[in-house]
Amino acid sequence: MPRANEIKKNSAVEYEGRVYFVKDIERSVPQGRAGGSLYRMRMYDVVTGAKIDETFKDSDMLNLADLVRRPATFSYSDGDEYVFMDSEDFTQYSLSRDAIADELLFITEDTQGVMVVLVSDAPVALALPPTVELDIEETDPSVKGGSATARTKPAKMKTGLVIQVPEHISTGDRIKINVEERKFLSRA
C-alpha cells in the first residue's frame, strides 16, 4: 500500500469503498507545524465521473485500485449502449452513453488508441489517446490568407464536438485535436 506522497497523477485509488482516478495533486507544507506535507487530490469516480477533493497527510496509506486498461475499437451503438471490441482477444465491452458522454465527442469508428478501463473485469470508463483526428462537418467558409492571422472560428465535427479552428480551415478538412484541452493542433 503506497503512502499519499507516493501517489502520482492518473493513478487509480480505492477510497471509501469506491475507485477514483487522481487527476490533480497539490502539495502544501503548513507553516509552524511539526509534521509532514499535505496532499490535496482532485479525484474523479471511475463509474459516475463525480469529482471529489480530499486532503491527505503524507503518511496516510491509500490502496491502489485493481485497474486494467485494454486496447479497443468502437464497434457499434445499440440505443444508449455503446459496444467496444477488444483489439487483442475480441471481447466485447458495453458502456452506457451516460458513463462515456464526454469521450463520445472524440470517437469515430476509425479512432486509434482508445482504451477500455476495467475494474474487477467490468468496463467502467474509456481512456482516450492524447490526440485524435476528426473530420470537420460544418464551419464558415475559409478565408484566403487566413493563416497569417490568429483569428479563429467555430467548427463542428461529425461527432458533435465544436472547437475553435484557424480561419484558413474549411469544411471537410481532417484535423488533429488535443483531447484534454479540446484545442485544434494541426491539419491531419
Side-chain angles (χ1 to χ4, degrees), residues 1-31 33 35-74 77 79-84 86 93-108 111-134 154-157 159-164 176-185:
M1 281 177 47
R3 299 203 321 243
N5 63 351
E6 297 167 342
I7 300 292
K8 304 277 185 248
K9 276 174 76 168
N10 293 327
S11 299
V13 296
E14 287 180 25
Y15 179 68
E16 295 181 343
R18 302 192 66 87
V19 178
Y20 294 94
F21 276 130
V22 177
K23 287 292 186 184
D24 198 33
I25 301 173
E26 285 179 29
R27 179 178 176 251
S28 62
V29 182
Q31 290 293 323
R33 266 190 60 206
S37 304
L38 295 177
Y39 292 86
R40 183 174 178 82
M41 296 184 191
R42 172 159 290 165
M43 304 187 293
Y44 289 86
D45 188 309
V46 171
V47 179
T48 65
K51 176 182 79 171
I52 65 166
D53 288 330
E54 287 293 329
T55 303
F56 301 98
K57 293 185 203 129
D58 60 1
S59 59
D60 289 348
M61 301 298 258
L62 292 168
N63 268 341
L64 285 177
D66 182 21
L67 198 72
V68 179
R69 294 170 195 248
R70 299 286 303 168
T73 53
F74 174 65
S77 63
D80 279 350
E81 291 292 312
Y82 286 78
V83 178
F84 293 82
D86 192 303
Y93 304 110
S94 186
L95 290 154
S96 72
R97 175 190 293 272
D98 298 338
I100 58 170
D102 286 346
E103 289 86 351
L104 288 175
L105 294 172
F106 298 97
I107 294 176
T108 61
T111 302
Q112 299 294 314
V114 176
M115 300 284 224
V116 172
V117 178
L118 305 169
V119 174
S120 304
D121 292 333
V124 293
L126 288 178
L128 296 175
T131 62
V132 295
E133 292 180 7
L134 294 173
K156 183 179 179 188
M157 307 301 128
T159 60
L161 176 69
V162 176
I163 64 164
Q164 293 292 318
K176 225 177 224 180
I177 299 168
N178 177 320
V179 172
E180 195 169 313
E181 297 177 6
R182 293 183 177 216
K183 285 189 176 169
F184 169 85
L185 288 175

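The chain is numbered in sequence order, starting from 1. Please read all numbers here as calculations on a predicted model, not as lab measurements.
Using a 4.5 Å cut-off on side-chain heavy atoms (C-beta onward), P2 and M61 make no contact. Here the side chains of D98 and D80 are not in contact, with every heavy-atom distance at 4.5 Å or above. T159 has its side chain out of reach of F106: every pair of non-hydrogen atoms, C-beta onward, lies at least 4.5 Å apart. A 4.5 Å side-chain heavy-atom check between V116 and L126 finds at least one atom pair inside the cut-off. Counting heavy atoms from C-beta on, the side chains of L67 and V117 come closer than 4.5 Å. A 4.5 Å side-chain heavy-atom check between L62 and M41 finds at least one atom pair inside the cut-off.
How far CG of L134 is from NZ of K156: 13.0 Å, rounded to the nearest 0.5 Å. We find the CZ-CD1 distance between F84 and I100 to be 4.0 Å, quoted to the nearest 0.5 Å. The distance from the CZ atom of R182 to the CD atom of Q164 is 13.5 Å, given to the nearest 0.5 Å. For the atom pair S28 OG and L38 CG, the distance stands at 4.5 Å (nearest 0.5 Å). Note: T111 OG1 to E133 CD = 9.0 Å, rounded to the nearest 0.5 Å. Distance CG/D45 to CD1/I52: 8.0 Å, rounded to 0.5 Å.
Residues S94 and V83 share a closest heavy-atom pair of OG-CG2, 4.3 Å. P129 approaches V179 most closely through the heavy-atom pair O-CG2, 3.3 Å. The minimum heavy-atom distance linking S37 with R27 is given by the pair OG-NH2, 2.9 Å. The shortest non-hydrogen separation linking A125 to L95 is N-CD2, 3.9 Å. The two residues T131 and L185 make their nearest non-hydrogen contact at CG2-CD1, 3.3 Å.
Aromatic ring orientation, F56 versus Y15: perpendicular (interplanar angle above 60°, classes split at 30° and 60°).
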Original post:
Run the side-chain contact (heavy atoms from CB on, under 4.5 Å) check on V132 and I107 step by step: do they pass?
Top reply: CA-CA 8 Å; V132 295; I107 294 176; over 6 Å; no
**OP:** Give the C-alpha distance, both sets of side-chain angles, the deciding distance and a yes or no for side-chain contact (heavy atoms from CB on, under 4.5 Å) between V19 and D66.
**Re:** CA-CA 9 Å; V19 178; D66 182 21; over 6 Å; no
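M157 pairs in a side chain to side chain contact (heavy atoms under 4.5 Å, CB included) with only one of the listed residues (T108, I177, V162), which is I177.
Applying the side chain to side chain donor-acceptor pair (under 3.5 Å) criterion to R42, with sequence neighbours excluded, gives D53. When the salt bridge (Lys or Arg N to Asp or Glu O under 4.0 Å) test is applied to D86, the partners found at least two apart in sequence or on another chain are R70.
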